[in-house]
Amino acid sequence: MPWRRVRAAARVRVSVLMRVLAGEGPAVARSLASLRNQRRRDWEIVAAATPPAAASLPALHAPEIRVVELDVDQGPAVAYERCRAHAAGELLVLLAPGETLAPSALQKAVTLLESSDDTAVVYADEDCIGASGSHHTPFLRPDWSPEYLLSALYIDRAFFVRRAAVDAAGGFRADYDPVPEWDLLLRLSELGRPFAHVREVLFHRPGEPGKAWRPADPALIAAGRRAVADACRRRGIAAEVDPQAVAGTYRVRRTTRLTRKVSLVVPFRDGAVLLERCVRSVLRHAGRVPLEIVLVDNGSTETETAALLRELAVEPGTRVLSAPGRFNYSALVNRGAAAATGDVLCLLNSDVEATSSGWLEALLDAVEQPEVGAVGARLLYPDGSVQHAGVILGVLGGTGHAHRFAPRDAPGYFANMAVVREVSAVTGACLATRRETFERAGGLDEALPVAYNDVDFCLRLQEQGLRVLYAPYAELLHHEGASRGRVDAAVEARAYMMRRWGARFETDPYYHPGLTRTSEDYAPALVPTFSSRPAAFASLQGRRLRWLVQDLGAGMRGWFDMVASLARPAAGGPAVALLAGAPVAVRGKVNRYRIRIVNSGLLPLDVSLTLDGSIRVADEERAFRVATTRAIEAGATLDLACETDWCERFAFSEASGLAAVLTSGSATACCELRATLHAPGAIDIARVEQPLIT
């Protein structure tokens with residue numbers, strides 16, 4: 001419903017509602033001082049105070065405070081309702097004693113509400129103030145995210161609301177103490193209007209560094225669960241609400257009937273080991289979801305792949321489409337989607353592995369909401385660290401993955417990795433969407449054959465008014481980049497996206513402009529590294545110096561090893577050398593190493609491959625070693641695929657020599673190198689351990 005425009009901005013009054021208990025007089029004085037510093041003067045404090053507290057308030061000499069009586073055993077909801085009954089303002093804001101406002105807070109809220117008749121709630125960012133007066137732990141919130149609010153009280157009390165909207169929603173309710181504001185915000189969100197967001201820190205809370213965002217208070221957890229469960233009932237959502245490991249967060253588990261058929265669309269070319277692991281794992285962990293698998297073959301040539309496809313053909317619901325030609329991921333997906341028969345499409349990379357059941361149900365749980373266009377999963381690296389928790393626009397010169405390399409059990413930035421929430425995009429490595437939504441959007445854009453096709457698809461869905469969600473409960477393993485070699489099309493694709501989307505491609509409403517653009521870890525951008533963290537800065541420089549020394553040492557050792565191996569006579573057999581030094585940094589995250597394998601005789605190859613070098617990733621250094629030895633017949637081939645972002649085939653003839661570039665962007669503590677021998681003898685697998693060098 002449209003709201004009657006509040007009176008002219010100069011006359012709008014703001015009522016600050018406050019519950020005051022005994023001994024909180026000094027805290028009230030701090031809140032009062034911040035209000036007296038406001039640029040706007042039309043405000044009042046309405047304080048619901050217990051008798052002992054009320055007796056201490058006159059000492060503040062504050063005619064701006066209106067006191068109403070509160071019984072000792074009455075909670076926040078009753079206090080706020082008593083305050084509201086006596087408030088004279090058109091706009092309301094909640095403050096606990098000791099909480100303060102930035103000097104521009106009231107002015108910015110009133111101006112924003114004045115600019116829109118339909119906006120009922122304005123919320124802002126906040127931080128904490130320690131006992132010494134230092135500001136810390138800023139919460140730079142995303143723009144309006146209704147799914148986030150259903151899972152966590154991410155707005156807290158940092159909001160201004162029209163009094164008329166609170167009246168329409170029914171006010172504060174004592175059944176939801178000690179967090180009646182969550183129940184109120186959920187009901188306000190059901191009035192049909194989005195909340196407006198001021199992207200500035202306007203609220204300051206007292207607190208010391210290291211304090212948990214939400215205390216593990218059983219009363220708070222139970223009240224939050226009631227608020228979310230009641231919101232689901234009001235909205236006609238049949239669901240179970242389960243508290244999660246992060247205090248104050250909840251999983252809304254909709255009771256999906258699981259009658260809609262899901263079609264997994266899996267483009268691939270060879271890579272039989274990866275493909276088999278992908279297909280077998282999803283079949284094993286599909287649960288009760290009706291499922292078909294559409295494998296889109298982009299011109300496989302290996303005999304192992306052909307043998308695997310014959311095996312998979314007997315699996316119920318598994319089909320193979322032939323789609324040879326130049327690699328175009330968008331075209332392959334569109335081809336598979338056209339042939340699929342499911343009500344829901346799930347794009348899945350062939351290097352993704354399901355490790356537990358429930359992931360498909362979690363995707364269906366979210367994607368079956370009519371206003372949701374696409375849902376993405378939480379993807380993990382082989383070592384269990386996070387690879388994808390939603391896509392961020394405008395970071396690292398293009399896009400990034402939220403909380404990449406974070407531990408699996410990390411909550412993220414104010415629990416945003418642990419709950420379902422809106423994001424600008426999700427990766428096509430695992431993306432679920434309804435068939436009708438996919439078709440109405442026109443599928444993936446085939447002008448984007450490699451990069452950004454998933455981001456473009458998600459942006460087009462949002463252009464249609466649909467939401468894109470990240471679902472952490474759909475969790476899979478992603479052996480990123482192992483399925484296909486990288487194609488350097490990012491620059492061209494980025495230019496295409498900029499022409500198509502302009503500033504939208506670089507502006508993410510769910511990633512605050514005050515957060516860093518040089519990493520994916522939600523660090524505030526304006527924290528001076530040296531002045532505020534001298535120890536951390538010095539430690540970082542020390543690590544960089546150590547990297548340099550170790551790289552130079554590895555380079556020298558690698559150079560001598562190469563010279564020695566190439567100097568061996570032909571009778572000595574094949575030579576394998578690794579130039580481990582002189583790493584080439586690609587965007588600060590990738591080092592390249594040159595490998596040269598030489599066979600100058602007619603003898604069968606006895607290959608011994610040893611890698612011993614450093615990989616620099618962000619602020620860490622990791623080392624790895626692998627050795628595998630196998631007698632290989634002349635004319636055989638050896639495939640090496642590291643489960644990071646590199647794969648290569650080595651062909652061996654009677655007299656062969658080749659040079660190849662190994663690129664590893666791994667930040668994992670452990671990855672796996674598979675050596676597949678295409679000759680009598682089958683498969684050798686050697687495990688690469690990557691111990692973290694601290």
Side-chain angles (χ1 to χ4, degrees), residues 14-21 24 27-28 31 45-50 53 66-87 89 91-99 109 120-124 126 139 141 146 148-191 195 203 205 213-235 241 243 247-250 252 414-415:
V14 179
S15 293
V16 179
L17 312 187
M18 185 179 292
R19 175 181 180 237
V20 183
L21 303 179
E24 292 184 328
V28 173
S31 300
I45 295 177
V46 186
T50 60
R66 183 181 304 175
V67 180
V68 297
E69 187 175 339
L70 181 69
D71 294 340
V72 174
D73 59 349
Q74 290 176 323
V78 171
Y80 294 145
E81 279 297 283
R82 296 233 178 134
C83 292
R84 188 167 70 93
H86 291 82
L91 301 181
L92 307 178
V93 61
L94 311 180
L95 281 185
E99 296 176 344
V121 177
V122 172
Y123 68 94
E126 67 178 73
F139 187 1
R141 295 180 164 92
Y148 194 5
L149 183 62
L150 193 63
S151 301
L153 181 54
Y154 84 92
I155 294 175
D156 215 315
R157 291 189 303 277
F159 66 93
F160 301 85
V161 58
R162 295 183 192 267
R163 180 173 180 166
V166 178
D167 294 340
F172 297 91
R173 304 195 295 189
D175 289 344
Y176 304 93
D177 281 344
V179 282
E181 59 269 24
W182 196 350
D183 168 64
L184 176 65
L185 286 168
L186 288 169
R187 284 182 283 122
L188 289 169
S189 71
E190 294 158 16
L191 296 176
F195 294 4
F203 289 77
R205 316 289 188 195
W213 178 41
R214 289 276 183 268
D217 179 358
L220 184 149
I221 293 170
R225 184 181 181 278
R226 287 195 300 272
V228 174
D230 285 356
C232 290
R233 282 193 286 271
R234 287 193 304 272
R235 301 172 191 187
V241 177
T249 65
Y250 304 86
V252 177
F414 291 91

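On a predicted model such as this, the values are computed, not experimentally measured, just so you know.
With hydrogens and angles disregarded, no donor-acceptor distance shorter than 3.5 Å links the side chain of Tyr80 to the backbone of Arg173. Between the side chain of Asp177 and the main chain of Ala77, a donor-acceptor pair closer than 3.5 Å is present. With hydrogens and angles ignored, the 3.5 Å screen pairs no side-chain donor or acceptor of Arg163 with any backbone N or O of Leu92. The backbone N or O of Ala219 lies less than 3.5 Å from a partner atom in the side chain of Asp217, making a donor-acceptor pair. Between the side chain of Glu81 and the backbone N or O of Phe172, at least one donor-acceptor pair lies under 3.5 Å. Remark: the backbone N or O of Val241 is paired with a side-chain donor or acceptor of Arg225 at under 3.5 angstrom. A donor-acceptor pair under 3.5 Å is formed between the side chain of Ser31 and the backbone N or O of Gly98.
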Yes or no on side-chain contact (heavy atoms from CB on, under 4.5 Å) for Phe195 and Leu188, after CA distance, side-chain angles and deciding distance? CA-CA 9 Å; Phe195 294 4; Leu188 289 169; 4.0 Å; yes
Phe160 vs Phe203, ring-ring contact (aromatic ring centres under 6.0 Å, His included): CA-CA, chis, key distance, verdict: CA-CA 11 Å; Phe160 301 85; Phe203 289 77; 5.5 Å; yes
Working note: Leu94 + Phe159, criterion side-chain contact (heavy atoms from CB on, under 4.5 Å); need CA distance, chi angles, decisive distance, verdict. CA-CA 8 Å; Leu94 311 180; Phe159 66 93; 4.1 Å; yes
Where do Trp182 and Leu149 land on the side-chain contact (heavy atoms from CB on, under 4.5 Å) test, with the steps shown first? CA-CA 8 Å; Trp182 196 350; Leu149 183 62; 4.1 Å; yes
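One finds no salt bridge joining Arg187 and Glu190 here, because no Lys/Arg side-chain nitrogen approaches an Asp/Glu carboxylate oxygen to under 4.0 Å. Classification of Glu69 and Arg82 as a salt-bridged pair fails, no side-chain N sitting under 4.0 Å from a carboxylate O. Residues Asp156 and Arg214 are paired through a salt bridge, judged by an N-O separation under 4.0 Å between the basic side chain and the carboxylate.
Considering every non-hydrogen atom in both Arg141 and Ala158, the closest pair reads NH1-CB, 3.7 Å. Taking all atoms of both residues into account, the shortest heavy-atom contact from Val14 to Val93 is CG1-CG1, 4.1 Å. What you find for Val20 and Ala47 is that their closest heavy atoms are CG2-CB, 3.9 Å. Closest heavy-atom contact between Leu191 and Ala165: CD1-O, 4.1 Å. Taking every heavy atom of both residues into account, Ala223 and Pro178 meet most closely at CB-CD, 3.9 Å. The two atoms that bring Gly248 and Ile221 nearest to each other are N-CG1, 4.4 Å, heavy atoms only.
Here the side chains of Arg235 and Leu186 are in contact, with some heavy-atom distance below 4.5 Å. Using a 4.5 Å heavy-atom threshold, the side chains of Arg19 and Val78 count as separate. Side-chain contact between Arg205 and Arg157: present, with at least one pair of heavy atoms (C-beta onward) separated by less than 4.5 Å. In this structure, Tyr250 and Pro243 have side chains that are in contact, with non-hydrogen atoms separated by less than 4.5 Å. When side chains are defined from C-beta on, Arg162 counts as touching Leu91, because their heavy atoms get closer than 4.5 Å.
Atom CD of Glu181 and atom CG of Leu153 lie 6.0 Å apart (nearest 0.5 Å). Atom CH2 in Trp213 sits 8.0 Å away from atom OG1 in Thr249 (nearest 0.5 Å). Atom CD1 of Ile45 and atom SG of Cys83 lie 10.5 Å apart (nearest 0.5 Å).
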